[in-house]
Structures are given as structure tokens and as C-alpha cells.
**Student:** 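First the structure, then my questions, so here it is.
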Amino acid sequence: PTRAPPILSGLVGSEMCIRDRLCTTQQSVALGRCAVSPHVTSTILGEGDVPEEAASEAVGGAWRCPPGVHLNDSQRAVVSPATRTFTLIVGPPGTGKTMVSRYILAHWAAHRRAQLLSERAAILATSDSHAAVDNMAEQLLPMSVTSLRAGQAANVRESLHTILMGQRAEGATELLRTQVLFTTAMGCVHESLEGTRFPCVLFDENGQALEPVTVVALACGAEQVVLIGDPEQLPAVVSDLTASQHGLGVSMLERLIGAGVHCVTLSVQYRMHATISAYPNAVIYKGAVEDLSLIHISEPTRPDRISYA
């Protein structure tokens with residue numbers, strides 16, 4: 001399109017390249033020009049939830065918890081439905097969203113191996129921020145999955161430079177051997193990745209991403225999608241009032257949950273002591289989050305006397 005629609009007017013004016021990518025991608029999806037699964041497209045456009053029977057073909061096998069892996073019942077219940085065509089996962093703070101992402105990515109890599117080798121394709125693990133992408137990459141790094149981190153070295157944690165795109169001896173062939181590609185949502189349409197399909201897309205912290213940015217990540221051949229986040233946490237920042245009124249501040253995760261698309265929830269948190277989590281659990285999550293904190297707070301001790309010498 002020659003002109004950005006009003007909903008994108010809140011983007012920073014100097015980022016013309018990003019705005020153009022958003023506009024072009026959205027138009028391509030709406031007109032059916034992208035090689036996106038019809039079930040994914042129908043869900044995005046609000047034409048209904050994905051039928052269970054249609055989802056089974058994209059799975060490649062039922063998920064089984066690996067030996068020696070200890071997931072709570074909440075996490076197991078979330079990972080299993082993630083083998084559907086389109087899955088929404090809500091995870092309040094400290095409930096293990098990144099750990100769940102790790103096993104979903106590993107499951108996809110195992111059951112999509114033949115497809116990824118025969119096509120110029122990779123599993124896309126993405127988010128709106130480099131920090132969230134790096135968190136996922138560090139979780140998957142110890143596992144037997146061929147991973148690649150795309151992006152500028154300055155934006156990537158030093159611990160991940162060993163899998164940074166362009167740093168390996170194999171050069172251009174490294175992408176062909178990659179099972180999981182880690183990059184930001186806007187980075188997945190960089191010219192260095194042109195022609196690469198992403199049949200499986202996992203988008204972490206989606207509640208903080210603009211919906212047009214999510215569409216960009218899904219428009220590169222998505223057949224199976226997992227959006228993870230928490231609509232109750234900080235939303236995407238939209239500085240333009242008109243854009244906000246048109247709904248730009250509502251993430252795809254939040255919109256689809258509001259539209260009645262099936263979602264699963266992580267309900268056990270480990271990060272906070274129960275005395276800290278009590279208020280947000282009662283007020284925001286209506287008591288739905290269970291405390292299993294590994295943090296223990298001892299009673300403070302008061303010295304009998306204090307010396308100022």
C-alpha cells in the first residue's frame with residue numbers, strides 16, 4: 001500500500017521501513033497472498049476457533065514429557081494442547097512461560113525434522129524484544145536442537161554469540177541446517193532470511209507486542225502457532241491517542257482471548273513469596289494462581305544494641 005492505515009499512525013515516523021513492512025504484510029494476509037495455513041488465517045481474522053480435528057494433522061505426534069523432566073500438572077496441561085494448530089497460553093508472573101516454551105520448541109523440532117530438512121524452513125521462536133528472545137534461546141541451548149540466533153551482535157547476549165548467525169564457519173549453509181531460529185518479530189523479515197518459511201511460530205510475551213508486529217511473524221508460512229503472554233501485564237506502548245483508540249494497543253493474544261478463542265493457563269507460580277503474590281493473585285487473577293514459591297523469608301532479627309563507634 002502507498003499509505004499506512006490510520007491504525008498504524010502511532011508508530012514512530014522515522015521508522016518508515018518497519019511501517020512499510022507492517023502495512024505490506026497485513027495487506028498480504030488479508031488478501032490471501034501469504035502461504036499461511038487457512039486455519040491460522042481464519043483464527044487471526046476472527047472467523048472462528050480452530051477445529052480439533054483439523055489440528056491433529058499439523059501436530060506430527062502427541063507430546064510426551066521427556067524422562068527426568070519435572071513439570072507440574074499446570075505446565076503439562078499447557079504443553080500438550082500446544083500441539084494444536086493455534087494455541088493461546090496465559091502465564092502470570094513466575095509460572096514458567098519460558099520453560100514451557102522450551103519443551104514446545106523441542107517437540108516441534110523432533111516432529112518436524114523431515115520437513116525442515118526437505119524445505120528451506122525453520123521453527124521461529126520470536127518476541128517483540130531482544131531480551132525475551134535471548135531468554136528462550138538460553139533455555140533451549142543445552143538441548144539437542146540445532147539453533148541459530150539472528151540479529152546484530154550488539155543486541156544479543158554474549159552467552160549466545162556461539163549460535164549467532166554469521167559467526168559459524170559454514171556461512172550461508174547454516175540456515176539450511178537450523179531447526180529453531182531465534183529472532184525478533186521484525187527481524188524475521190530481514191533480507192538475510194528472505195525465502196525462509198516458518199511453519200511453526202512461537203511468540204513469547206505476546207501481550208506486550210503490537211498486533212501488526214505479530215502478523216509479520218505469522219505471515220512467513222505459519223501452519224502451527226503458539227502465542228504466550230499475560231494480558232494483565234504491561235501492554236504494548238502506544239504514544240498516539242488516535243492509534244490507541246483504533247485498537248493498536250490491544251495485542252493479538254488479548255483480542256483472541258476476548259473473541260473466545262480457546263486458551264490454556266499456567267496456574268502455579270514459583271517466583272514470589274506468598275505474602276508478595278497475595279495481592280495481585282486476589283485482585284488481578286481472582287485467586288486462580290497457586291503459590292509454590294521456592295523463596296523463604298525468615299523473621300528479621302533485631303540486635304540488642306547498635307554500636308556507632
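The residues of the chain are indexed from 1 along the displayed sequence. Quick caveat: nothing in here was measured; it's all calculated off a predicted structure.
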**Student:** Ignoring hydrogens and geometry, is there a side-chain-to-backbone donor-acceptor pair from S244 to D240 under 3.5 Å?
**Tutor:** no

**Student:** Would a hydrophobic clustering, with Ile, Leu, Val, Met, Phe, Trp and Tyr connected at side-chain separations under 4.5 Å, put W108 with M143?
**Tutor:** yes

**Student:** Go through E138 and S159 one step at a time and tell me if the side chain to side chain donor-acceptor pair (under 3.5 Å) criterion holds.
**Tutor:** CA-CA 8 Å; E138 287 184 336; S159 61; 2.6 Å; yes

**Student:** Assess the side chains of S251 and N206: does a donor N or O sit below 3.5 Å from an acceptor N or O?
**Tutor:** no

**Student:** Which heavy atom of L193 sits nearest to which heavy atom of G187, and what is that distance?
**Tutor:** CD1-O, 3.5 Å

**Student:** Has the side chain of T265 got a donor or acceptor atom that lies under 3.5 Å from a matching backbone atom of S267?
**Tutor:** no

**Student:** Do H39 and F86 make a side-chain contact, defined as non-hydrogen atoms from C-beta onward lying under 4.5 Å apart?
**Tutor:** no

**Student:** From H107 NE2 over to I123 CD1, what is the distance, rounded to the nearest 0.5 angstrom?
**Tutor:** 9.5 Å

**Student:** Check whether any side-chain N or O of T126 sits under 3.5 Å from a backbone N or O of T183 as a donor-acceptor pair, and report yes or no.
**Tutor:** yes

**Student:** If we only count heavy atoms from C-beta on, is the M165 to S192 side-chain gap below 4.5 Å?
**Tutor:** yes

**Student:** Between Q179 and S147, do the side chains contain an N or O donor and an N or O acceptor separated by less than 3.5 Å?
**Tutor:** no

**Student:** Of all the heavy-atom pairs spanning P92 and Q233, show the shortest one and how long it is.
**Tutor:** C-NE2, 4.1 Å

**Student:** Test your reading of the model: is there a side-chain donor-acceptor pair from Q152 to the backbone of A154, 3.5 Å cut-off?
**Tutor:** no

**Student:** CG/L241 to CG/L248 distance, rounded to the nearest 0.5 angstrom?
**Tutor:** 12.0 Å

**Student:** T178 side chain to L181 main-chain N or O, any donor-acceptor pair under 3.5 Å?
**Tutor:** no

**Student:** Out of curiosity, H111 NE2 to C200 SG, how far, rounded to the nearest 0.5 Å?
**Tutor:** 11.5 Å

**Student:** Check P93 against D230 and note the closest heavy-atom contact, atom names and distance.
**Tutor:** CD-OD2, 3.8 Å

**Student:** Minimum heavy-atom separation for F198 and C188, please, with both atom names.
**Tutor:** CE1-O, 3.8 Å

**Student:** Please report the interatomic distance CZ(F182) to CG(L124), rounded to the nearest 0.5 Å.
**Tutor:** 9.5 Å

**Student:** Under a 3.5 Å threshold, yes or no: a donor from one side chain and an acceptor from the other, between N135 and R157?
**Tutor:** yes

**Student:** Can you find a heavy atom in the side chain of V261 that is under 4.5 Å from one in the side chain of I257?
**Tutor:** no

**Student:** Would you tell me whether Q224 and R84 have side-chain atoms, one donor and one acceptor, within less than 3.5 Å of each other?
**Tutor:** no

**Student:** Does H262 use its side chain to pair, donor to acceptor, with the backbone of T87 at less than 3.5 Å?
**Tutor:** no

**Student:** What are the two closest non-hydrogen atoms of L105 and A125, and how far apart are they?
**Tutor:** CD1-CB, 3.9 Å

**Student:** Within the distance-only criterion (no hydrogens, no angle test), does the side chain of S127 pair as donor or acceptor with the backbone N or O of D204 below 3.5 angstrom?
**Tutor:** yes

**Student:** Between E158 (side chain only) and H161 (backbone N and O only), is there a donor and an acceptor less than 3.5 Å apart?
**Tutor:** no

**Student:** Rounded to the nearest 0.5 Å, what separates atom OG1 in T196 from atom CD in E119?
**Tutor:** 11.5 Å

**Student:** Evaluate the side-chain contact (heavy atoms from CB on, under 4.5 Å) criterion for residues R197 and E223: first the C-alpha distance (whole Å), next the side-chain angles of each, then the deciding distance (0.1 Å), finally the verdict.
**Tutor:** CA-CA 10 Å; R197 286 186 63 250; E223 301 171 1; 2.8 Å; yes

**Student:** Linking I/L/V/M/F/W/Y whenever their side-chain heavy atoms sit closer than 4.5 Å, directly or via other members, would V100 and V289 fall into one cluster?
**Tutor:** no

**Student:** Please determine which of V237, D128, V216, V238 meets the side-chain contact (heavy atoms from CB on, under 4.5 Å) test together with L210.
**Tutor:** V238

**Student:** Just do the side-chain contact (heavy atoms from CB on, under 4.5 Å) check on V250 and E211 with the steps written out, would you?
**Tutor:** CA-CA 7 Å; V250 179; E211 179 160 356; 5.6 Å; no

**Student:** Do I89 and Y285 belong together in a cluster built from hydrophobic side chains that touch within less than 4.5 Å?
**Tutor:** no

**Student:** Is any side-chain heavy atom of V225 closer than 4.5 Å to a side-chain heavy atom of T85?
**Tutor:** no

**Student:** Show your reasoning for whether side chain to side chain donor-acceptor pair (under 3.5 Å) applies to T275 and H273.
**Tutor:** CA-CA 5 Å; T275 55; H273 190 272; 2.8 Å; yes

**Student:** Any side-chain heavy-atom pair from L292 and N72 closer than 4.5 angstrom?
**Tutor:** no

**Student:** Please identify which of these residues, V201, T214, V90, meets the side-chain contact (heavy atoms from CB on, under 4.5 Å) condition with L227.
**Tutor:** T214

**Student:** Taking it one step at a time, do V180 and T146 satisfy side-chain contact (heavy atoms from CB on, under 4.5 Å)?
**Tutor:** CA-CA 6 Å; V180 180; T146 307; over 6 Å; no

**Student:** Which distance, rounded to the nearest 0.5 Å, do you find between the CZ of R102 and the CG of L202?
**Tutor:** 14.0 Å

**Student:** With side chain to side chain donor-acceptor pair (under 3.5 Å) as the criterion, how do H130 and R149 come out once you've worked through the C-alpha distance, each side chain's angles and the decisive distance to 0.1 Å?
**Tutor:** CA-CA 10 Å; H130 288 285; R149 176 67 165 94; 3.1 Å; yes

**Student:** On a heavy-atom basis, which atom in L160 and which in A137 lie closest, and how many Å separate them?
**Tutor:** CD1-CB, 3.7 Å

**Student:** Flag the pair R255 / I44 as yes when at least one side-chain heavy-atom distance between them is below 4.5 Å, and no otherwise.
**Tutor:** yes

**Student:** Within the 4.5 Å heavy-atom criterion, are Y103 and L71 side-chain neighbours or not?
**Tutor:** yes

**Student:** Taking H246 for its side chain and T242 for its backbone only, find out whether a donor-acceptor pair lies under 3.5 Å.
**Tutor:** yes

**Student:** Are S74 and T95 packed together at the side-chain level, in the sense that at least one heavy-atom pair is separated by less than 4.5 angstrom?
**Tutor:** no

**Student:** Run the side-chain contact (heavy atoms from CB on, under 4.5 Å) check on L148 and E174 step by step: do they pass?
**Tutor:** CA-CA 8 Å; L148 191 65; E174 62 183 347; 3.7 Å; yes

